Amino acid sequence: MTNPLYDALFAPHLGKATPFLHLLDGTTLTHDAFLRKAAQIGGVLDAMGLVAGDRLALQVEKSPEALAVYAACVQKGVIFLPLNMAYTPVELDYFIDNSGAKLVVCDPAKEDGISEITARTGAQLVTLSAQGSGSLIEAATAQPETTHTVDRSGDDLAAFLYTSGTTGRSKGAMLTQDNLLSNSEVLKEYWAFTSEDVLLHALPIFHTHGLFVASNVMLLSGGAMIFMRAFSADAMLEHMPRATTMMGVPTFYTRLLDHEGFTREAAAHMRLFISGSAPLLAETHELFEARTGQHILERYGMTETNMNTSNPYEGTRKAGTVGFPLPGVELKVTNPETGTALPQGEIGVIEVRGPNVFKGYWQMPAKTREELREDGFFITGDLGQIDSDGYVQIVGRGKDLIISGGYNIYPKEIEIVIDDQPGVKESAVIGVPHPDFGESPVAVVVPDGAGPDLEQITNACATALARFKHPRKIIILAALPRNTMGKVQKNALRDDYKDMFSKSES
Ligand code: MCA
Ligand code: AMP
């Protein structure tokens with residue numbers, strides 16, 4: 001028996017003094033040093049009684065140690081569940097409880113709040129700080145620098161990533177070792193990654209993009225990452241001279257373009273810029289080309305499927321498209337009512353099937369059946385079409401989703417909080433174009449009686465929801481526009497407020 005994901009991503013680097021993580025303090029962590037750290041953390045997982053199939057939830061700042069916890073989980077067959085640092089205790093409570101996490105790793109500053117949750121769920125709790133200290137690391141230093149690798153099959157679960165939904169209830173997407181491995185193998189080849197590559201890594205590592213696309217591809221390639229805690233255009237430009245590639249959400253690219261230091265020379269030796277997680281405006285693609293002479297490569301993915309399509313490495317990268325289905329991924333555009341495949345050129349719902357597609361939602365068989373067909377096709381909820389050259393174009397969303405700076409926001413989650421406040425009859429949250437974040441949530445509220453207290457709504461959102469989900473504006477309206485069926489016409493609202501965030505006021 002083996003452990004396919006560990007054997008492909010981590011084991012080949014054991015004993016190698018090749019650079020893996022270049023840190024902003026000027027130090028470099030080699031592959032071997034990283035793996036020794038991971039093995040020590042793996043020893044802690046053993047000592048704490050975690051076994052294959054148990055869940056480990058982690059809400060910490062980005063650090064080499066946080067990535068080493070992921071490696072340790074893979075090595076021990078523990079299911080890794082990373083969480084956005086922005087989540088509030090109310091949100092965390094749900095994830096920890098719903099996943100049945102056996103161990104929670106949190107930032108020392110949040111330990112008191114989270115211990116109230118773990119005391120109730122029975123999970124163990126350890127800490128890990130941004131600087132790589134905390135009770136987890138104290139325990140790890142007492143562990144040996146090698147550890148037993150637990151046998152796993154490709155079908156065993158490697159990670160849970162929670163994604164929100166139209167009902168407002170988050171779902172744990174269950175990802176197997178094969179889901180992650182097959183996708184990183186395909187991407188490494190498709191994008192021509194080698195051990196010579198150095199990736200500018202400024203994405204968070206609690207989502208698919210920064211963890212399973214960026215980090216897994218680099219681990220598989222044997223290259224290095226310039227590992228930044230968060231995005232800053234200044235830092236990207238400072239470190240670009242020693243990088244070869246970068247991955248980012250569209251906001252990274254618009255912010256780089258807003259920086260006068262981002263010139264053709266600054267980008268000259270970079271072989272590849274990749275964008276995803278949200279639509280890259282054709283305008284951004286074109287401005288980037290005019291500035292640097294290079295074409296951003298746009299690809300399309302989801303938490304449930306990893307990456308589905310990509311523009312080509314060689315050949316035309318078409319602005320406003322997400323390229324072709326990746327090798328091994330089948331993609332069709334279907335009629336949303338009947339599910340039958342539509343002819344090329346027609347707009348419908350994008351469905352995908354392949355080794356990248358997840359196993360289902362944790363303990364939600366009904367939800368899983370709604371979105372994952374028996375024949376293996378996953379209904380993405382994105383609306384698209386295939387152009388005459390075979391490029392996939394995403395033209396909209398069938399699902400009620402807002403993407404702000406690459407973070408997903410489901411309006412229902414916010415509407416539930418607002419509707420619960422006194423003086424509110426009902427509300428509708430819409431995504432409005434925003435020059436920095438792409439889209440931002442705006443709440444349209446219908447008053448009841450004396451009407452709502454706006455400060456109370458803001459406070460309720462602050463308690464229940466991560467900051468990036470907070471409505472950037474609240475609008476009071478006498479009634480919501482509805483169609484003859486009584487359904488709220490969010491398109492009409494989006495149209496009414498589409499110019500709300502002009503470049504100057506954002
Ligand atoms: C931070 N803030 C945000 C966002 N991020 N507000 C709206 N949308 C956001 N995305 C808020 C903070 O709470 C803060 O609020 C203020 O903005 C500034 O915060 P700061 O920490 O300075 O952040 P930033 O520099 O403004 O961050 C923006 C960012 C970051 C760099 C775009 O959000 C980011 O790295 N996004 C990447 C997300 C990502 O990795 N997505 C991939 C998901 P205040 O000051 O008012 O308190 S995976 C996926 O989608 C699929 C699978 C795929 O295809 O990849
Ligand atoms: P997530 O739930 O975080 O995995 O987000 C997945 C969603 O992000 C997809 O269903 C799309 O709506 C969107 N998305 C990801 N990449 C792109 C892209 N290149 N263009 C447009 N939308 C994208």
Side-chain angles (χ1 to χ4, degrees), residues 61-62 82 84-88 161-166 170-171 173 175 183 187 201-215 228-236 247-256 274-282 284-285 296-311 317 319-323 349-352 356 358 371 378-384 392-410 431 434 436-441 458 462 465-472 501 506:
E61 295 286 358
K62 182 177 174 183
N84 193 329
M85 273 305 278
Y87 289 147
T88 62
L161 289 194
Y162 275 79
T163 79
S164 206
T166 43
S170 285
K171 304 163 285 186
L175 294 153
N183 213 234
L187 296 176
H201 192 304
L203 289 158
I205 54 170
F206 45 69
H207 277 314
T208 300
H209 198 163
L211 187 61
F212 301 142
V213 184
S215 304
M228 305 176 175
R229 181 136 330 132
F231 177 86
S232 118
D234 284 338
M236 293 301 262
M247 294 184 192
V249 296
T251 300
F252 286 17
Y253 291 103
T254 51
R255 288 189 184 180
L256 275 178
I274 301 174
S275 176
S277 306
L280 183 79
L281 296 180
T284 310
H285 185 108
I296 299 174
L297 183 154
E298 187 173 7
R299 64 25 169 214
Y300 156 64
M302 286 187 75
T303 298
E304 289 90 334
T305 63
N306 288 291
M307 299 305 102
N308 295 313
T309 73
S310 172
N311 268 282
R317 298 178 194 160
T321 80
V322 292
V349 175
I350 296 175
E351 299 193 20
V352 292
N356 53 318
F358 77 140
E371 295 181 31
F378 177 66
I379 307 166
T380 64
D382 291 308
L383 299 177
V392 178
Q393 218 178 336
I394 297 176
V395 298
R397 296 180 199 130
K399 53 193 173 190
D400 196 11
L401 166 69
I402 300 166
I403 306 183
S404 165
Y407 288 145
N408 284 8
I409 303 167
Y410 274 89
H434 188 279
D436 186 30
F437 291 128
E439 289 176 334
S440 278
T458 305
L465 304 166
R467 172 77 185 100
F468 67 88
K469 299 179 191 170
H470 298 181
R472 294 264 154 173
F501 301 109
S506 63

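We count ligands from 1, going down the list as the structure has it; atoms in each ligand are counted the same way. Everything numeric in this text was worked out from a predicted model, so none of it was measured. Below, all heavy atoms of this structure are taken into account, side chains as well, without hydrogens, waters or symmetry copies.
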- Item | 4.0 Å heavy-atom contact, R299 with ligand 2 | yes

- Task: Quick one: look at D382 and ligand 2, take heavy-atom pairs under 4.0 Å, and tell me if it's side chain, backbone, both or neither.
- Result: side chain

- Can you pull the residues with any heavy atom under 4.0 Å from ligand 1? L203, P204, H207, T208, H209, F231, V249, T251, F252, R255, S277, R299, G301, M302, T303, M307, S404, G405, G406, Y407, F437, R467, F468, R472

- Note on the structure: When rounded to the nearest 0.5 Å, the distance separating NZ of K171 from OH of Y162 is 12.0 Å

- Taking 4.0 angstrom as the limit, do R397 and E439 come out as a salt bridge? yes

- In terms of atom number and element, which parts of ligand 2 are under 4.0 angstrom from non-hydrogen atoms of E298? 18 (C), 19 (N), 20 (N)

- Can an N or O of E304 be found at a distance shorter than 3.5 Å from an N or O of ligand 2? no

- How are the rings of F231 and F252 set to each other: parallel, tilted or perpendicular (split at 30° and 60°)? parallel

- Answer with yes or no whether H207 contacts ligand 2, where contact means a heavy atom under 4.0 Å from a ligand atom. no

- Task: For T303, take its heavy atoms, then give the atoms of ligand 2 lying under 4.0 Å from any of them.
- Result: 1 (P), 2 (O), 3 (O), 4 (O)

- Task: Flag K399 as yes when one of its N or O atoms lies below 3.5 Å from any N or O atom of ligand 2, and as no otherwise.
- Result: yes

- Item | Region of P279 engaging ligand 2 - heavy atom pairs below 4.0 Å | both

- Message: Within ligand 2, which atoms have a heavy atom of R397 less than 4.0 Å away?
- Response: 12 (O)

- Message: Among all the protein's non-hydrogen atoms, which is closest to atom 3 (O) of ligand 2, and how far away is it?
- Response: N408 ND2, 3.0 Å

